[in-house]
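Notes follow the structure.
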Amino acid sequence: MGDVSPRQQHDAQARGQSAALSASSVLKLAAIVVAALTGFATLVSLGVWQLHRLAWKRDLIERVDQRVHAPPVAAPGRAQWPQVDVANSEYLHVSVQGRFRHDLEAPVQAVTERGGGFWVFTPLETVDGYVVLINRGFVPPPLRDPATRPAGQIDAVTTVTGLLRISETGGAYLRDNDPAANRWFSRDVAAIAAARGLTDVAPYFIDADAGEGQASDTPIGGLTVIAFSNNHLQYALTWFGLALMTLGGAFLVLRHEWRWRKLPAS
């Protein structure tokens with residue numbers, strides 16, 4: 001039962017180290033696989049989500065195009081106001097009849113294809129008894145004052161057709177609406193109505209068609225820009241590409257680790 005030889009001790013120690021190293025390698029390789037599969041699944045799910053967004057955006061664009069080119073329908077009355085939102089009503093081609101309150105006009109800063117200036121927002125007292133704000137169109141800075149364009153101040157009951165728009169709240173980037181100074185940077189229906197002391201006001205405004213509700217060349221209507229960003233396919237392809245890159249990177253790492261672990265000990 002004598003002493004164990006140094007050679008036997010060395011071999012036993014080497015086998016123990018090899019076994020420990022093998023267990024550590026398995027855990028490391030397993031962690032790489034789990035991380036790669038988690039990243040792959042996350043990136044694929046983001047790509048699929050973008051495809052759903054793409055389908056939604058295409059449907060929205062189609063619906064808006066149909067609304068814009070459809071014959072005008074009656075603007076939503078009081079009973080329909082709770083249902084007015086972007087999905088159901090934005091860019092609906094509508095018609096409304098009433099009398100303008102030019103004395104309560106509000107100029108909203110605008111940048112258009114004709115340059116900088118103002119949108120002329122005028123309350124319309126409808127024949128149904130409620131008020132709707134009409135964006136009658138664009139005027140350049142020299143015509144901001146209504147007194148400079150008396151020919152455009154219609155005083156009779158008139159019919160206005162145009163596109164229903166959803167109120168824009170909160171002002172513009174780094175510029176808040178200033179009702180006291182009559183400075184408006186967003187088409188905020190509630191704020192303009194409050195500043196003008198209006199009640200029973202529709203929760204939307206109407207962008208007047210070209211020539212609608214006008215008796216002169218100004219304000220210039222029909223300048224609504226309808227554009228939707230639609231980069232969802234590009235985003236989806238990006239996420240799917242990153243998912244494939246994650247799998248490819250994990251494969252290279254695993255192959256390197258496997259080959260390194262198989263190298264004979266010196």
Side-chain angles (χ1 to χ4, degrees), residues 68-69 71-76 90-168 171-172 175 177-226:
V68 169
H69 296 99
V73 298
E90 182 86 277
Y91 299 111
L92 189 67
H93 200 194
V94 298
S95 175
V96 66
Q97 189 177 42
R99 185 186 296 270
F100 283 118
R101 286 293 307 273
H102 297 293
D103 56 317
L104 300 179
E105 178 183 297
V108 181
Q109 189 163 355
V111 177
T112 74
E113 61 186 26
R114 294 173 177 263
F118 301 91
W119 298 121
V120 175
F121 266 66
T122 307
L124 183 80
E125 294 181 340
T126 71
V127 294
D128 294 320
Y130 65 89
V131 176
V132 60
L133 287 180
I134 306 296
N135 176 11
R136 298 182 61 212
F138 171 81
V139 293
L143 298 180
R144 182 181 189 273
D145 187 343
T148 61
R149 40 184 167 80
Q153 309 300 84
I154 303 170
D155 192 35
V157 173
T158 186
T159 299
V160 178
T161 63
L163 301 180
L164 187 151
R165 304 296 307 280
I166 303 300
S167 178
E168 302 170 348
R175 293 180 296 182
N177 292 325
D178 186 357
N182 200 28
R183 294 183 181 276
W184 302 95
F185 300 100
S186 69
R187 295 169 287 190
D188 190 329
V189 170
I192 294 175
R196 295 299 188 263
L198 298 169
T199 58
D200 201 16
V201 181
Y204 57 84
F205 65 90
I206 297 174
D207 277 349
D209 291 339
E212 289 295 328
Q214 296 175 228
S216 68
D217 293 337
T218 57
I220 303 169
L223 297 182
T224 304
V225 175
I226 303 174

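For the pair H102 (side chain) and T122 (backbone), a donor-acceptor distance under 3.5 Å is absent. Judged by distance alone, the side chain of R149 and the main-chain N or O of R144 form a donor-acceptor pair under 3.5 Å. A donor-acceptor pair under 3.5 Å is formed between the side chain of D145 and the backbone N or O of A147.
At a threshold of 4.5 Å between non-hydrogen side-chain atoms, the residues S95 and T159 count as touching.
Annotation: side chain to side chain donor-acceptor pair (under 3.5 Å) contacts of S186 (sequence neighbours excluded): N177. Considering only residues two or more places apart in sequence or on other chains, F118 meets the ring-ring contact (aromatic ring centres under 6.0 Å, His included) condition with none of them. Every residue two or more places apart in sequence or in another chain that forms a side chain to side chain donor-acceptor pair (under 3.5 Å) with T224 is listed here: D207. Partners of A156 by side-chain contact (heavy atoms from CB on, under 4.5 Å), not counting sequence neighbours: none found. Remark: F185 pairs with no residue by the ring-ring contact (aromatic ring centres under 6.0 Å, His included) rule, at least two apart or across chains. Taking the side-chain contact (heavy atoms from CB on, under 4.5 Å) definition, one finds that R114 meets it with T112, F138, I220, L223, sequence neighbours left out. For V73, the side-chain contact (heavy atoms from CB on, under 4.5 Å) partners are L92, V94, not counting sequence neighbours. The side chain to side chain donor-acceptor pair (under 3.5 Å) test applied to R101 returns D103, E125, not counting sequence neighbours.
Closest approach of G162 to H93, counting heavy atoms only: O-CD2, 3.2 Å. Closest approach of E90 and L164 over heavy atoms only: OE1-O, 3.5 Å. When all heavy atoms of V108 and F121 are compared, the pair lying nearest together is CG2-CD1, 3.8 Å. Considering every non-hydrogen atom in both Y204 and A75, the closest pair reads OH-CB, 3.5 Å. The shortest heavy-atom contact between A106 and W184 is CB-NE1, 4.0 Å. Taking every heavy atom of both residues into account, V96 and T126 meet most closely at CG2-CG2, 3.6 Å.
Between atom CD of residue Q97 and atom OG1 of residue T158 there is a gap of 8.0 Å, rounded to the nearest 0.5 Å. Atoms CG and CG, from L163 and D209 in turn, are 6.0 Å apart once rounded to the nearest 0.5 Å.
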Step by step, would you call V160 with V132 a side-chain contact (heavy atoms from CB on, under 4.5 Å)?
CA-CA 11 Å; V160 178; V132 60; over 6 Å; no
Give every donor-acceptor pair under 3.5 Å between a side-chain atom in residues 187-200 and any protein atom, sequence neighbours left out.
from: R187; atom 1: NE; to: E168; atom 2: OE1; distance (Å): 3.2
from: R187; atom 1: NE; to: E168; atom 2: OE2; distance (Å): 3.3
from: R187; atom 1: NH2; to: E168; atom 2: OE2; distance (Å): 2.7
from: D188; atom 1: OD1; to: A190; atom 2: N; distance (Å): 3.3
from: D188; atom 1: OD1; to: A191; atom 2: N; distance (Å): 3.1
from: R196; atom 1: NE; to: L104; atom 2: O; distance (Å): 3.1
from: R196; atom 1: NE; to: E105; atom 2: O; distance (Å): 3.4
from: R196; atom 1: NH2; to: E105; atom 2: O; distance (Å): 2.9
from: R196; atom 1: NH2; to: N182; atom 2: OD1; distance (Å): 2.6
from: D200; atom 1: OD1; to: R78; atom 2: NE; distance (Å): 3.2
from: D200; atom 1: OD2; to: R78; atom 2: NE; distance (Å): 3.0
from: D200; atom 1: OD2; to: R78; atom 2: NH2; distance (Å): 2.7

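Listed by first then second residue, pairs satisfying salt bridge (charged side-chain N to carboxylate O under 4.0 Å, His left out) with a partner in residues 150-160 number zero, not counting sequence neighbours.
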